[in-house]
Amino acid sequence: MIFSESYHRFIDELKKNTGQDPNQCYQCAKCSAGCPVVAAMDLLPHQVIRYLQLGLLGELEESRTPWICASCFTCAARCPRDLDLARLMEGVRLAVLRLREGNRLSPADLELTPEQLEKLPAQALVSSFRKYAK
Amino acid sequence: MPRIGVFICWCGTNIAGTVEIEQVVNAARSFPGVVYAGDYRYLCSEVGQKLIKDTIKKENLERVVVGTCSPRMHEVTFRKAVAEAGLNPYLLEVANLREHCSWVHKDPAEATPKAIALVRAAVSKASLDEPLTALMLDVEKRALVIGGGIAGIQAALDIADSGYTVDLVEKEPSIGGRMAQLEKTFPTLDCAACILTPKMVEVAQHPNINLLTYSEVEAVSGFVGQFDVRIRSRARSIDPSKCTGCGICYEKCPAKVPSEFDMELGKRKVIYVPFPQAVPNIPVIDRENCLYFKRGRCRICEKECPAEAIDFEQQDEIIERRYGVILVATGFDSMDLTGYGEYGYGQHPDVLSALQFERLFNASGPTAGQVVRLSNGRPPQRVVFIQCVGSRDIARGQNYCSKICCMFTSKQAILLKEKLPETEAYIFYIDLRTAGKGYEEFQRRAAEEYGVIYLRGSVGKVFPEGERLLVRGVDSLSGRPLEIEADLVVLAAASVPRRDAPELARLMSINSDRYNFFDEAHPKLRPVETHTAGIFIAGACQAPKDIPEAVAQAGAAAAKAVTLLSKEKLQSEACVAKVDPARCSGCLHCEAVCPYGAIAATETEERVRGELLTRTVAEVNPALCQGCGCCTMTCRSGSVTLQGYTDEQMLAEVDALCLQR
Amino acid sequence: MHYRYFPGCTLKTQAKEMEDTALAAASALGIELQELPEWQCCGAVFPLSDDELITLLSPVRTLAAAGGEPLVSLCAACHHVLKRAQEVIKRNPDTREKVTDFLEVDYAGEGRVLHFLEVLRDDLGFDRLKEQVSHPLAGRKIAAYYGCLLLRPAKEMQFDDPENPTIMEDLLRSLGAEVVSTAYRTECCGAYLSVTEEKVATATAEKIVHSARRAGAEALITACPLCRYNLENIGGPALPVYYFSELLAEALGVAALKEVARG
Amino acid sequence: MAERRINNMEKIRTAVAQDLLSGRIDLLLGWEKGLYWWQSRPLFARNSEDLQRLTWDSFCVANLSGYLQEELKENKKIGILLKGCDSRALNRLVQDQMVDRERVVAYGLPCPGLLDPRLLKQEAGLELTALGIEEGEDRVTLTGTKGKSIAREELLLEKCRRCHHPDPVGCDQLLLPPVGSREDRSRFHQVTRLEEIPAEERFAYWSSQFERCLRCYACREACPCCSCRECFVEQEEPRWLGKAHENSENFIYHLTRAFHSAGRCVECGECQRVCPVELPLMELSSKIIKDINELYGEYQAGLDTEQDPPLLTYQPDDPAAFVE
């Protein structure tokens, strides 16, 4: 937990791009309580914000949670602090992708049979690449 | 040019530590009209005041300027000193050298010239000061208390016990307020009715209290000592001198509507008393729903009443009365939760607000004291309490903490466990706030003795699943998502001001905060006074409060009210506005903006080309004027001026400040 | 009633029946949906970071192409992206300038952006729709499934009550069906994860379908091709999942139109 | 058109003649032709002879309501011809208790917008003395040129081009059929343009404008809002304003005047029209109107005499950021 200069740079960038300030959160955990995909997450949504507050960026980089987040805006709709966590999650995803200078998903990674590809809506592919690759 | 004396105070090191006193005194000697300039370590002390008084006499001073702390602190002190030396007290000017200068500067090189400029401005203004005289006004020895909850009851009793007459106005048919709706009170688990009812009866029997229930304040004018108030006492449709309170009328009444007292969970009759211990024990007919008033037929109550007390023709009564003081204790509402769709409030009968749940425990409540699910009438096996619903919520609710919910939720969980020991109770909380005598211990008892399970976290959504409610939440301490199959969900709704609070604030000319809670005059030092002299506040209309706090505040407000009532005369404001009828064009915009109703139209005569014409101009009533200055702002031609703060005086100050150093 | 119509990627491929039935129903109801002459995919995801301007280009181009006329889409995701992109243009002058300069279009956020369901509710009216129903879905027990993108964020979407919406149930009632209320109708089904986290998506969808089944539903309707794919793609006993437009066309007694007039 | 105008003239004259000659009014305030064809000036008609000079044409620009205050001292009852903007001025004066409405008979003249001689001259490229005009329904033909014809809308006075309410309001009778509301016109384009330039540039702009002010006070004399018995500029105690030509004092004068007409200005444009150095004074008033609208909701002075002006009313939700 070191509030280094890089942390401040990171947070400033995050605030600017998402319009959200993690310090506005008082950890009621309502986001986690309502999240439909929380069961698959290693960090709960409110913990992601807590980690942002504490500057635990390395842990966030390793976490599955931002990639599990389905951007369904349930958390944002109910947050008593009026924070849009969906935006913060996107901010974290982008930061990780940019930091690694690489994509998290490439067409080669997809292990889909031709039948599956036939059935899978185009929308699913487009959105996956939007989320996992830049 | 009048003879002016200047006195600079060191205020120990408060001023002298940053301002070079000697330089200021020397500079002051050079200002026009100044015949004396001196300094003293503590001017507000007896010795300091004596210095001023002696110098006035010795130097024949006609105006006095003190360079001291803020006039809010000691203007009154120095005015008194000046008056004792035989000068009109309004011939004193205060240059604020502490708050406006020494406290905000570090560098004497900056502070000293500024202090000199402030003194120069005060001297310029003082040379234009005129003697002013305040009016002495009578004090009407009667108090009005608005709101008959526990705070209003306590305040009315305290004032009445001091020997003054009190009118207690309550909007509902009975006094008692929110406390009457409660089953038990924390942290002692006293029965609310057992401790409240005796006080209600005392109010009814007190020779100095005039109880006006089913009544509302409609208009307030006047000022401290002489408030003129119009009260509408709504027609009960029952002759109170005949009614014996036997209750046959409401037994027989065929029409039912949801009961406000039971938070709409149960029904009440259309002729009703809100609850069995009501004071006065006289029913009212709810004319909006009465079959006779709606359709012209029924009159069963009239037929059944053995005392012949029913009076369908009764009219609202308008009471116009003068009061010396007004005390506002209008209490709070439970926030409307329809904006919180995720909890299913209003969608599912087993999702209740805390105040609704409280009614389930009450023997005269909607379930006759049975704690059951309203969906099926069976006792719940698992109850989930959710705190902070609407409180601490900047998105859909109130920014503030409602303060009482942590405690009443623990209380309700304990009551539940006492009634149904096998039932599980879960409380979702964000933070537990148990500051208060015996509060922490009480909450711990709930957890340790009664086995109430506290979950630190929130609920995302309540899903109706079959007959039960699936509560999906999270315990943030363990980081575990939770799903609880519950039978009842109780929401700790935020405490909010009464819906009509803004209207009442406007009526009384008192300030409210951004949430519409009434504002105290000073958050620390004047907690029960308002900015309007003679109007006091008590209880949850000022901010969310528990019973002990509301009662304590009511006592304090009553003491303040009595202090005022005990005075024979009150001095009015001397710095009041004045109209120059020759300049006034009579547009009366000043009348429109005057918050105190102190300005009215009057006729004046003038000669135009040999002919005598009358025309309308504005006139200030000095007894009503509080010297706020709104009128002077709105007058284009400067025809209204505030005495003691005339345009000439203000300009003289500005000119003096703008002089090159 | 004339609207510009934006189909989006999936309606021309895997969700063809959604488009066909909706267009057939629209034409039966006197609602003219004129497809935009040239269009491209909306991007499927609304950009949540303000420094992602490039993802705004496609929806803004579409919005500008509608020329201020009401723009209708059928897919929940397309509607979400278009509507929110419009909000950005309306509220953020800097972004508007950058995006419109780049695209060389003149667009300041004008025109209504509608989901077809809103056209039915607000412009046609469910009462009028009901009068046109020739084959009511009597006795059919159907549950509506909303998902996430139509409703949230409510401040921007202004579609319906985000926790207790009624528009799809009202539609079903006007078509004569028996509405089954299900607890999870506004819960996200996780379909965005169906490529990368299939298990998560399936688990989430199962919860929704099974709850509907327990509540007595015989079928589900949705307004999103991705939701449909995900809800159908579960393990265990499934329920038929229809597009709302399929039942609409059925109740109106119209066959799907294969050929559509192009704008 | 010309014929209709003559017919209109007869209609107007007959209507007012009846009242003046029967003694219902002692004085009629109207217009008569001035020295040149592009000038119409105020007419104070007391008898039928005076009435023969009464005119109503595209140059009757003076707002006559400003005369009422003084004239009512000597006349018991006055009849007055009012265009849309003039009628709002009368209403404002009544709201300010400056004019006793009972003693005024207001004749409304729905107004198609008045022509700006400066624009006529500019369009024709000729001195006005060498020019004549023929007015059609929507177009004006300039005689003396080669029959150049221009849309009437383009030749209107600045104030008429932003006028939303050409039909008089609150009159005792309308003498001509209404022309309809013109809410399609933009009122604040000039203000918006000024708001968008940086503060320093804006200051420089106004500085250069006020620099030219002669402090002749014609703007104040012509303004129906300026109803004070004693204007602050002339007061000696306290003396708000010096007499020397000093730009900072010019600023004080114009800004104070704009504040004094806040909530009162009916946008009749008389201040700007009478200014000998052509200061854009309406921009100041418009800015204040726009600010009031944005802060306290849409308000147009003099339209509805029942509605209290926003600066004289208090609503609990009034924006109060400036006191917090």
Side-chain angles (χ1 to χ4, degrees), chain A residues 13-20 34-41 64 67-79 82 84-95 97-98 104-105 107 109-112 116-132 134, chain C residues 8-15 41-52 54-55 75-78 80-81 147-149 151-157 162-163 184 186-201 203-204 207-208 224-230 232-233:
Chain A
E13 184 83 348
L14 187 73
K15 281 191 202 167
K16 199 179 102 217
N17 289 336
T18 63
Q20 311 298 312
C35 179
V37 288
V38 70
M41 291 176 167
R64 266 165 60 81
W67 311 99
I68 298 286
C69 166
S71 303
C72 72
F73 310 108
T74 307
C75 47
R78 297 174 188 161
C79 175
D82 215 7
D84 191 337
L85 177 52
R87 275 182 174 269
L88 279 176
M89 289 283 196
E90 176 73 1
V92 172
R93 282 194 293 267
L94 282 177
L97 288 177
R98 285 168 188 171
R104 207 179 159 94
L105 183 73
D109 299 339
L110 293 177
E111 291 169 7
L112 295 171
Q116 275 175 315
L117 259 180
E118 179 70 22
K119 260 186 75 187
L120 195 67
Q123 199 184 343
L125 288 168
V126 176
S127 52
S128 295
F129 283 107
R130 271 284 158 89
K131 184 168 157 184
Y132 289 90
K134 290 296 149 189
Chain C
C9 59
T10 311
L11 266 75
K12 294 293 181 188
T13 51
Q14 290 88 349
C41 167
C42 69
V45 183
F46 172 74
L48 292 171
S49 186
D50 291 344
D51 56 348
E52 286 282 282
I54 197 141
T55 33
C75 160
C78 297
H80 181 92
V81 173
C148 47
L149 296 180
L151 299 166
R152 291 185 290 263
K155 254 184 242 165
E156 288 179 44
M157 299 308 292
E163 301 285 358
Y184 294 87
T186 65
E187 289 284 291
C188 171
C189 71
Y192 268 160
L193 305 172
S194 50
V195 174
T196 50
E197 303 280 351
E198 199 183 350
K199 274 190 198 139
V200 179
T204 321
K207 213 172 199 172
I208 294 162
C224 171
L226 206 50
C227 292
R228 180 188 191 174
Y229 167 79
N230 196 34
E232 279 185 331
N233 209 16

Fill in the blank from the handout: If one checks every heavy atom of C:Pro225 against chain A at 4.5 Å, the contacting part turns out to be both
Handout entry: Choice from A:Ala122, A:Pro121, A:Pro36, A:Gly19 maximising heavy atom contacts with chain C below 4.5 Å
Key = A:Pro121
Exercise for the section: Return the option, out of C:Thr55, C:Thr13, C:Thr204, with the maximum number of heavy-atom pairs under 4.5 Å with chain A. Expected result: C:Thr55
Practice task
Look at C:Lys155 together with A:Asp84 and state whether they make a salt bridge at an N to O cut-off of under 4.0 Å.
Solution key: no
Handout entry: Step-by-step side chain to side chain contact (heavy atoms under 4.5 Å, CB included) determination, A:Gln123 to C:Gln14
Key = CA-CA 9 Å; A:Gln123 199 184 343; C:Gln14 290 88 349; over 6 Å; no
Practice task
Answer with side chain, backbone, both or neither: which region of C:Tyr184 has an atom nearer than 4.5 Å to a non-hydrogen atom of chain A?
Solution key: neither
Handout entry: Residue pair A:Trp67, C:Thr196: steps toward the side chain to side chain contact (heavy atoms under 4.5 Å, CB included) verdict
Key = CA-CA 9 Å; A:Trp67 311 99; C:Thr196 50; over 6 Å; no
Problem - Contacting moiety of C:Cys41, where chain A heavy atoms sit under 4.5 Å - result: side chain
Exercise for the section: Please assess A:Lys131 against C:Val45 for the test side chain to side chain contact (heavy atoms under 4.5 Å, CB included), listing each intermediate value before the final yes or no. Expected result: CA-CA 8 Å; A:Lys131 184 168 157 184; C:Val45 183; 5.7 Å; no
Handout entry: Criterion salt bridge (Lys or Arg N to Asp or Glu O under 4.0 Å) against C:Asp51, the qualifying member of A:Arg98, A:Lys15, A:Lys16
Key = A:Arg98
Fill in the blank from the handout: Of the listed A:Ile68, A:Leu125, A:Leu105, A:Val37, the one with the largest count of heavy-atom pairs under 4.5 Å with chain C is A:Ile68
Handout entry: Choice from C:Leu151, C:Ile54, C:Leu226 maximising heavy atom contacts with chain A below 4.5 Å
Key = C:Leu226
Handout entry: Under 3.5 Å donor-acceptor, A:Ser128 side chain and C:Val195 backbone
Key = no
Exercise for the section: Measure A:Tyr132 against the heavy atoms of chain C and call it side chain, backbone, both or neither at under 4.5 Å. Expected result: side chain
Problem - Options C:Cys148, C:Ala44, C:Ser49, ranked by heavy-atom pairs under 4.5 Å with chain A, top entry - result: C:Ser49
Handout entry: Max heavy-atom pair count under 4.5 Å with chain A, selected residue of C:Glu52, C:His80, C:Glu187, C:Lys199
Key = C:Glu52
Fill in the blank from the handout: Turns out that what part of A:Leu120 lies under 4.5 Å from chain C's heavy atoms comes down to both
Handout entry: Proximity breakdown for A:Ala76 and chain C, heavy-atom pairs closer than 4.5 Å
Key = neither
Completion exercise
A:Ala70 and C:Gly190 have their tightest heavy-atom pair at CB-CA, 4.4 Å
Problem - Contact class of A:Glu118 relative to chain C, heavy atoms under 4.5 angstrom - result: backbone
Problem - Pick from C:Asn230, C:Leu149, C:Leu193, C:Thr186 with the largest number of heavy-atom pairs that fall under 4.5 Å of chain A - result: C:Leu193
Exercise for the section: Among C:Ala191, C:Gly43, C:Ala201, single out the residue with the greatest number of heavy-atom pairs under 4.5 Å to chain A. Expected result: C:Gly43
Practice task
Measure distances from A:Arg87 to the heavy atoms of chain C and classify the residue's part below 4.5 Å as side chain, backbone, both or neither.
Solution key: both
Fill in the blank from the handout: Cut-off 4.5 Å, heavy atoms of chain A, and the answer for C:Asn233 is side chain
Exercise for the section: Answer with side chain, backbone, both or neither: which region of A:Leu14 has an atom nearer than 4.5 Å to a non-hydrogen atom of chain C? Expected result: neither
Completion exercise
Output for pair (C:Arg152 CZ, A:Cys75 SG), nearest 0.5 Å, gives 9.0 Å
Completion exercise
When the 4.5 angstrom heavy-atom criterion is applied to C:Cys75 and chain A, the contacting part is side chain
Problem - Residue pair A:Phe73 / C:Glu156, side-chain heavy-atom distance below 4.5 Å - result: no
Fill in the blank from the handout: In this structure, CG of C:Leu48 is separated from CG of A:Leu88 (nearest 0.5 Å) by 10.0 Å
Handout entry: Contacting moiety of A:Arg78, where chain C heavy atoms sit under 4.5 Å
Key = side chain
Problem - No-hydrogen, no-angle side-chain donor-acceptor test under 3.5 Å, C:Tyr192 and A:Ser71 - result: no
